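Right, one structure below, let's go through it.
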Amino acid sequence: MERKVRDRAEDLAARLTLEEKIGMVHGAELFATRGVERLGIPPLRMSDSTMGVRQDFEPDSWHAVGYSKDFVTYLPCCSALAATWNRELAEKAGSVLGEEARTLETVGRGESLPGGRVPVVVCEVANSGGCAGKETVQVYLRQKLRDKNMPYQELAGFEKVELAPGEKRMVQIRLHGDVQGRKIVVGSSSRDIRVVVD
């Protein structure tokens, strides 16, 4: 088994171009390398863990995505853990980190579309008033057919924006949750719905 894996890795490495190799060792976005789709190599996704696994961020900014499924345990920082000289405690903390990192990989990163892609809603927000203002664009997933065992509508993502008078801005919101078979609903609150997409 180990020999087969090594042979496969050597075969893939020989078929990679220099640019593809560089892309795999260089960050393509925050906490992710570039994959090589033509060879079936996915991006390597990472997280740091100063006090627990970090929440998900936008690909190119330190702005939190706003998933409701990426909450994790706050753990002691590494220096505090090391100061205890307690190997059993360090092992337990490492087990928590590993388990939560694996869990976030399955629930937090676009499980609803093939190839690990995350659905994104793009909309324009405009301030038509005479003074600066703030707006929180909220995106919900709504059932097409009512199921009493499931919530009718649930928050899938949001983005807060501040706009000057007359300013317009495009907002991108990455969604969590399964979008297939559900309506995408956009508004400033769960009751102030402005767009419904089947």
Side-chain angles (χ1 to χ4, degrees), residues 23 27-38 40-47 53-72 100-198:
E29 58 185 60
L30 290 176
F31 298 109
T33 63
R34 182 167 285 117
V36 182
E37 191 173 338
R38 72 178 185 88
I41 302 172
L44 176 62
R45 301 206 176 273
M46 298 160 277
S47 178
V53 181
R54 187 185 291 272
Q55 64 186 332
D56 284 329
F57 285 89
E58 295 289 345
D60 56 0
S61 73
W62 288 102
H63 183 270
V65 172
Y67 291 140
S68 63
K69 296 181 180 180
D70 65 353
F71 297 108
V72 295
E100 290 183 349
R102 284 189 290 275
T103 300
L104 288 180
E105 186 62 34
T106 59
V107 302
R109 291 195 169 93
E111 71 276 18
S112 57
L113 293 177
R117 293 176 293 138
V118 177
V120 176
V121 168
V122 180
C123 59
E124 183 180 71
V125 181
N127 181 353
S128 58
C131 59
K134 296 179 181 178
E135 178 73 86
T136 301
V137 182
Q138 300 178 22
V139 181
Y140 295 86
L141 298 178
R142 182 183 286 177
Q143 294 182 33
K144 287 188 177 180
L145 301 173
R146 278 293 183 104
D147 179 351
K148 65 180 179 178
N149 297 315
M150 298 290 291
Y152 173 63
Q153 180 170 288
E154 61 182 314
L155 184 65
F158 63 92
E159 178 75 29
K160 188 173 185 177
V161 293
E162 187 167 357
L163 301 171
E167 182 183 1
K168 294 180 181 179
R169 189 179 309 166
M170 296 302 291
V171 175
Q172 291 188 8
I173 303 170
R174 296 174 71 184
L175 307 184
H176 74 274
D178 187 2
V179 300
Q180 297 183 24
R182 302 172 86 181
K183 295 179 181 179
I184 296 175
V185 180
V186 183
S188 63
S189 74
S190 62
R191 295 179 182 220
D192 181 19
I193 300 301
R194 302 178 189 182
V195 178
V196 178
V197 179
D198 279 320

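One is the number of the first residue; the rest follow in order along the sequence. Predicted, not measured: the structure shown is a model, and the values here were computed from it. Atoms considered below: every heavy atom in the structure, side chains included; atoms not considered: hydrogens, waters and symmetry mates.
Partners of Val196 according to the side-chain contact (heavy atoms from CB on, under 4.5 Å) rule, which considers only residues two or more places apart in sequence or in another chain, are Arg142, Lys183, Val185, Ile193. Looking at residues two or more places apart in sequence or on another chain, you find a side chain to side chain donor-acceptor pair (under 3.5 Å) between Arg194 and Ser188, Asp192. For Leu44, the side-chain contact (heavy atoms from CB on, under 4.5 Å) test picks out Thr33, Met46, with sequence neighbours left out. For Glu167, the salt bridge (Lys or Arg N to Asp or Glu O under 4.0 Å) test picks out Arg169, with sequence neighbours left out. Here Ala126 pairs with Lys168 under the side-chain contact (heavy atoms from CB on, under 4.5 Å) rule; sequence neighbours left out.
Listed by first and then second residue, the side chain to side chain donor-acceptor pair (under 3.5 Å) pairs involving residues 128-138 are Gln138-Tyr140 (not counting sequence neighbours).
Residues Val186 and Val121 share a closest heavy-atom pair of CG2-CG1, 4.1 Å. When all heavy atoms of Pro165 and Gly130 are compared, the closest pair comes out as CG-O, 3.6 Å. Nearest heavy-atom pair across Gly133 and Asn127 is N-ND2, 3.6 Å.
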### Query
So Val137 and Cys123, side-chain contact (heavy atoms from CB on, under 4.5 Å) or not? Walk me through it.
CA-CA 9 Å; Val137 182; Cys123 59; 3.8 Å; yes

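Side-chain contact between Val122 and Val171 is absent, with no heavy atoms from C-beta onward closer than 4.5 Å.
Environment of CD in Glu37: sparse, with no more than 12 heavy atoms of neighbouring residues, nucleotides or ligands closer than 6.0 Å.
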